[in-house]
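Hydrogens, waters and symmetry mates are skipped; everything else that's a heavy atom, side chains included, is used. Within every chain, numbering begins at 1; the chains are lettered A, B, ... in the order of the sequence lines, protein sequences first and strands thereafter. What you see is a predicted model; the values in this text were computed from it and never measured.
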Number of protein chains: 2
Amino acid sequence: MLKTVNIGVLGCGNVGAALVELVRQRGPEILDRTGVELRVTRVAVRSLSKERGVELDPSVVTTDAHSVVTDPDVDLVVEAIGGIEPARELIATALKGHKPVVTANKELLANVGAELYADADAAGVDLLFEAAVAGGIPIIRPLRESLVGEDVSRVVGIVNGTTNYILTKMSDEGWTYAAALAEAQSLGYAERDPTADVEGFDAGAKAAIIATIAFGAKVVAGDVYHEGISNISPTDIEFAARLGYVIKLLAIAERFADGTVAVRVHPAMVPDEHPLASVRDSFNAVFVQGDAVGDLMFYGRGAGGFPTASAVLGDVVDAAANLAKGTHATIGSFGKAALRPVDDLVSPYYVNLQVRDEPGVLAAVAGVFGAHQVSIRSMEQEGLPEDESSDAARLIFITHAAREADVRATLHELRGLDSVTSVGSVLRVIGAE
Amino acid sequence: MLKTVNIGVLGCGNVGAALVELVRQRGPEILDRTGVELRVTRVAVRSLSKERGVELDPSVVTTDAHSVVTDPDVDLVVEAIGGIEPARELIATALKGHKPVVTANKELLANVGAELYADADAAGVDLLFEAAVAGGIPIIRPLRESLVGEDVSRVVGIVNGTTNYILTKMSDEGWTYAAALAEAQSLGYAERDPTADVEGFDAGAKAAIIATIAFGAKVVAGDVYHEGISNISPTDIEFAARLGYVIKLLAIAERFADGTVAVRVHPAMVPDEHPLASVRDSFNAVFVQGDAVGDLMFYGRGAGGFPTASAVLGDVVDAAANLAKGTHATIGSFGKAALRPVDDLVSPYYVNLQVRDEPGVLAAVAGVFGAHQVSIRSMEQEGLPEDESSDAARLIFITHAAREADVRATLHELRGLDSVTSVGSVLRVIGAE
């Protein structure tokens with residue numbers, strides 16, 4: 001039985017360096033608890049001269065990542081490079097060489113995960129990726145193992161810390177989107193080009209992975225509908241609060257009774273008393289609804305070198321123990337998910353209109369909703385005294401659950417009404433279906 | 001490779017019946033995903049005539065539990081009887097017969113878990129118990145596997161739904177303890193004799209299991225210090241709210257830098273913005289603090305037939321897959337934990353005193369705190385106009401972190417002061433250390 005497991009690490013950025021440090025710190029206790037000794041014997045880096053957050057024995061460092069995955073003395077590979085190539089090719093090579101692989105690479109898994117899962121199954125070794133979704137929060141393992149017997153109907157996640165930080169600042173401090181984004185950038189939470197975070201691409205990749213694991217059906221990043229948060233205004237935040245909601249960017253994966261699946265990312269109004277409403281700052285959380293288990297939520301740090309490396313290390317220990325026992329976890333092979341079109345999804349909506357303050361407007365607007373089978377649950381009207389003409393009013397609607405296509409048709413027709421000055425934000429509402 | 005796993009179920013109450021039903025409902029998808037076919041082939045019941053929530057083929061039902069665990073055709077045993085005997089003997093017999101066992105029996109594990117873990121390790125089979133703590137919430141598996149590499153310093157749980165329901169009603173509706181308890185009893189959340197719940201015994205058993213798994217050191221129910229909630233008054237709830245806290249019954253397992261461990265259950269004031277503060281009604285949650293991963297929280301249903309059976313089923317699938325592969329999870333053997341005495345624990349405290357409203361009282365009281373090295377963080381004073389003599393006042397203190405023994409000595413001396421009419425509630429405060 002293999003008791004010492006030699007680890008080859010690809011990439012030594014935040015996550016790779018934190019992992020090397022954690023193996024050093026925690027190795028003795030892991031040996032004590034599991035009987036497996038972990039040793040980092042190879043580390044592939046892009047440049048030998050770069051300063052790193054961890055001390056590395058020069059003899060383990062190389063710039064030739066390929067030599068690490070083919071090294072017969074490396075038993076297990078950790079991929080911490082990110083991006084699709086060369087990560088995909090390196091992981092495939094390692095798996096084909098019967099080396100288990102642990103990765104935190106959401107972009108890779110959300111695009112070509114299925115082929116890598118198949119490689120792992122064919123080679124009879126583990127491909128584990130707890131850290132790819134929601135950083136340090138154990139969510140992939142609970143979905144794959146603890147909830148394997150559960151009929152999971154819906155997973156709703158706050159899986160992007162940058163946008164959650166921005167929305168928290170807008171809600172708590174009354175900041176504008178631009179001010180909150182600038183602060184997130186200065187703190188290093190957001191990139192200089194924040195598109196991947198704020199337009200929902202990052203959350204979408206995680207949603208695709210969650211859906212694949214939760215529903216056992218292949219969903220790729222391109223299948224995920226997404227809207228970002230850059231149009232959320234302080235007015236929306238303020239109205240949400242007044243109505244008892246908070247605005248969050250949600251990744252939602254649903255499976256319907258007919259077996260179809262829908263995966264999407266968009267901002268939504270979350271009721272104050274919903275567990276997701278209290279997830280603040282850069283924290284992440286994943287809310288799971290199952291038929292037998294009811295509601296579950298997993299909360300924690302979604303990013304950062306050490307939280308992410310902690311999740312990677314849990315996978316490394318698991319894969320190492322499996323290697324020692326000559327076994328591996330079965331991921332299974334996934335058929336392509338049957339996707340339900342966004343137009344057919346159903347949700348309550350928040351709609352914010354500016355209208356002329358004149359007789360008959362409400363009746364006209366309500367008539368448009370009714371003509372498209374969109375039923376109104378509540379309405380608030382207020383004058384807009386700041387408007388000098390003083391003939392402007394705001395109408396805030398919350399609808400009952402309505403089909404997306406019907407809501408779009410309603411909005412289209414409302415925009416054509418003379419009495420509607422502008423159609424402001426339109427947001428889905430969760431927790432009130 | 002064994003592909004069909006025959007399950008013997010001991011006990012067919014809420015959890016046993018829900019499990020049989022879930023295996024029936026979910027079996028085909030589990031087969032599809034894991035390649036393992038689950039069949040419930042034996043069910044031991046106390047009485048053949050009792051009405052059950054699930055239809056059972058009469059040929060599988062028996063009143064002879066022993067015949068189930070020794071049946072050579074039973075591959076895996078689920079224990080859903082509860083209590084220590086005969087559950088202990090049945091589980092030990094099953095394990096010695098090389099049958100993996102899944103149990104939700106917290107009382108058993110918190111008292112004689114270590115000997116059963118040793119039996120399982122010796123036989124080379126699984127003993128899994130996700131459902132023993134916090135019902136349907138995956139917490140044991142994340143602690144054992146995902147966080148195996150993590151230096152967990154503290155676990156704080158709301159692990160008793162009955163008391164959380166009572167405290168929620170007291171906080172939200174202003175009910176008294178007695179009224180909330182009566183409602184919990186009428187809803188079936190609380191037993192007619194509620195002692196096990198309200199005095200913290202149930203939470204204490206779960207805390208012992210959590211500590212054992214999180215710290216890898218054996219803690220038994222008798223090691224757990226506990227205080228219940230029966231003395232919590234509406235006044236305490238009201239003052240907590242005024243100061244920005246909510247009162248929760250917490251199970252706290254801590255490991256200190258010197259390797260000592262402290263495990264205790266008591267009501268505590270939790271800051272409104274802490275994730276545990278928003279865990280309401282009969283929900284449970286377990287908050288984990290790790291060195292690398294930071295703060296994690298796991299939230300969900302802590303009791304109920306189907307949520308509990310969902311967790312049991314996750315374990316059953318895991319144990320069945322391991323059986324098919326000829327492997328098992330390693331629990332490890334645990335040395336006895338070195339316990340830190342309660343007197344040496346350190347926490348901020350809330351202290352509520354009634355005093356005579358006369359000059360010099362505050363100085364006298366503050367002097368007593370100071371003499372015992374208990375430092376005061378904040379104080380509020382208010383008159384008690386409802387008192388006819390009109391010379392009474394209330395003093396509310398929040399201290400800085402102080403040693404338990406010093407706080408007890410302070411309270412003892414305060415009770416001896418002429419100017420102190422009564423010492424009301426004394427509650428620890430978390431999240432402000």
J.: Heavy-atom cut-off 4.5 Å, strictly under: side chain, backbone, both or neither for Thr34(A) against chain B?
T.: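 For Thr34(A), the side chain is the part near chain B, not the backbone.
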J.: Would you say Lys325(A)'s side chain and Gly326(B)'s backbone share a donor-acceptor pair under 3.5 angstrom?
T.: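 A pair under 3.5 Å: no.
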J.: What distance do Leu296(A) atom CG and Ile139(B) atom CD1 have between them, rounded to the nearest 0.5 Å?
T.: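 Going from CG on Leu296(A) over to CD1 on Ile139(B), the span is 11.5 Å.
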J.: Find the one option among Asn284(A), Val293(A), Val288(A), Ile140(A) whose heavy-atom pairs under 4.5 Å with chain B are most numerous.
T.: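 Sorted descending by pairs with chain B, the first entry is Val293(A).
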J.: How long is the straight-line distance from CZ of Arg141(A) back to CZ of Arg141(B), given to the nearest 0.5 Å?
T.: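 With rounding to 0.5 Å, CZ (Arg141(B)) is 8.5 Å from CZ (Arg141(A)).
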J.: To the nearest 0.5 Å, what is the distance between CZ on Arg144(B) and CG on Asp318(A)?
T.: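 Rounded to the nearest 0.5 Å, the CZ-CG separation comes to 11.0 Å.
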J.: Between Glu29(A) and Arg255(B), is there a salt bridge with N-O shorter than 4.0 Å?
T.: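 Yes.
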J.: At a 4.5 Å cut-off on heavy atoms, which part of Ile137(A) comes close to chain B: side chain, backbone, both, or neither?
T.: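 Contact with chain B is through both the backbone and side chain of Ile137(A).
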J.: First locate atom CZ of Arg33(B), then atom CZ of Phe215(A), and finally report the distance between them rounded to the nearest 0.5 Å.
T.: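 Arg33(B) atom CZ to Phe215(A) atom CZ measures 9.0 Å (nearest 0.5 Å).
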J.: Taking Arg26(B), Arg280(B), Gln25(B) one by one, which has the highest count of heavy-atom pairs under 4.5 Å against chain A?
T.: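 Counting heavy-atom pairs under 4.5 Å, the top option is Arg26(B).
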J.: For chain B, find which of Pro275(A), Ser146(A), Gly304(A) contributes the most heavy-atom pairs closer than 4.5 angstrom.
T.: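 Heavy-atom pair counts peak at Ser146(A).
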J.: Could you tell me which of Leu22(A), Asp151(A), Leu38(A) has the largest number of non-hydrogen atom pairs under 4.5 Å with chain B?
T.: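 Heavy-atom pair counts peak at Asp151(A).
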J.: Asp291(A) versus chain B, heavy atoms under 4.5 Å apart: side chain, backbone, both or neither?
T.: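 When you check distances to chain B, only side chain atoms of Asp291(A) fall under 4.5 Å.
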J.: Between Glu273(B) and chain A, with a heavy-atom cut-off of 4.5 Å, which part of the residue counts as in contact: side chain, backbone, both or neither?
T.: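 Neither part, no heavy atoms under 4.5 Å.
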J.: Need one label for His274(B): side chain, backbone, both or neither, based on atoms under 4.5 Å from any heavy atom in chain A.
T.: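 No part of His274(B) comes within 4.5 Å of chain A.
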J.: Are Phe298(B) and Pro142(A) close enough that some pair of their side-chain heavy atoms sits under 4.5 Å apart?
T.: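 Answer no - side chains too far apart.
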J.: Any idea which of Gly314(A), Gly136(A), Gly149(A) has the most non-hydrogen atom pairs under 4.5 angstrom with chain B?
T.: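 That would be Gly149(A).
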J.: For atom CG of Asn14(B), decide whether the heavy atoms of other residues, nucleotides or ligands shown that lie under 6.0 angstrom number more than 12.
T.: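 Open.
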J.: For Ala18(B), is it the side chain, the backbone, both or neither that has a heavy atom under 4.5 Å from a heavy atom of chain A?
T.: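 Contact with chain A is absent: no heavy atom of Ala18(B) under 4.5 Å.
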J.: Looking only at heavy atoms and a cut-off of under 4.5 Å, which of Arg301(A), Glu150(A), Glu21(A), Glu130(A) has the most pairs with chain B?
T.: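 The residue among Arg301(A), Glu150(A), Glu21(A), Glu130(A) with the greatest pair count is Glu150(A).
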